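Just so it is clear: chains get the letters A, B, ... in the order the sequence lines come, proteins before strands, and each one is counted from 1. Just so it is clear, the model here is predicted, and its values are computed rather than measured.
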Amino acid sequence: QKEVEQNSGPLSVPEGAIASLNCTYSDRGSQSFFWYRQYSGKSPELIMFIYSNGDKEDGRFTAQLNKASQYVSLLIRDSQPSDSATYLCAGGIASGGSYIPTFGRGTSLIVHP
Amino acid sequence: DGGITQSPKYLFRKEGQNVTLSCEQNLNHDAMYWYRQDPGQGLRLIYYSQIVNDFQKGDIAEGYSVSREKKESFPLTVTSAQKNPTAFYLCASSIATAAQYFGPGTRLTVL
């Protein structure tokens, strides 16, 4: 059973702080990892992807991947109230030319002024 | 503008009724997916398709059916065999092993 685990939260951080969201996965064959942001009542929106060990930065967001320890994390610097949402982690394997992901249940982030 | 559209935004189903959810994309993506999301839950894969006229069952395919007659379209039918269909349904597409892009979703409620 392939699983992606996330702490459901909520994770509450003050405005301007760093929010750290974590995700672990069970399938060592997982190759690609994605972070999605989902506002209440809306569909998920891709914010980051990472394939290789190490860090990947994009603006205020940094994704970190450690395949040996089977975890992925997302750091949000200078958190804003508009970052308040549920963050979904997804990992998966390429199969027959397609990517079949497994999603975690998501971590709720609250950024308070 | 390129993107994924889903219709309707809200759908109500009566007992014993089949309903079809529409999903269209103009991103020229080969792969398309259907997910179900229940409150406080993650996304569960219903069906996916990598090419036209071919599709595979996901984790929770029972009570659902799909077709892929065109690259742009991947409709989902929720049949009367699906006993608990009330949920948020999300369609996504991707290029092979790349990230998935989601449509706005359809919220289905059983009356």
By a 4.5 Å heavy-atom criterion (distance strictly below it), what part of [X] contacts chain A: side chain, backbone, both, or neither?
| X | value |
| --- | --- |
| B/Gln37 | side chain |
| B/Arg44 | neither |
| B/Leu45 | side chain |

Checklist line | Test: B/Lys71 and B/Asp30 ion pair at under 4.0 Å | finding: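 Judged by the 4.0 Å cut-off on N to carboxylate O distance, B/Lys71 and B/Asp30 do form a salt bridge.
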Checklist line | Salt bridge B/Arg36-B/Asp38, side-chain N to carboxylate O under 4.0 Å | finding: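 Looking at B/Arg36 and B/Asp38, the cut-off is met.
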Check: Shortest non-hydrogen contact from A/Thr102 to A/Val4?
Finding: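 What the structure gives for the nearest pair is O-CG2, 3.4 Å.
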Check: Does anything in residues 55-81 of chain A pair up under ring-ring contact (aromatic ring centres under 6.0 Å, His included), and if so which pairs, sequence neighbours excluded?
Finding: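 Not a single pair qualifies under ring-ring contact (aromatic ring centres under 6.0 Å, His included).
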Item checked: chain B contact via A/Gln38 - side chain, backbone, both or neither, heavy atoms under 4.5 Å ->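 The answer is the side chain of A/Gln38.
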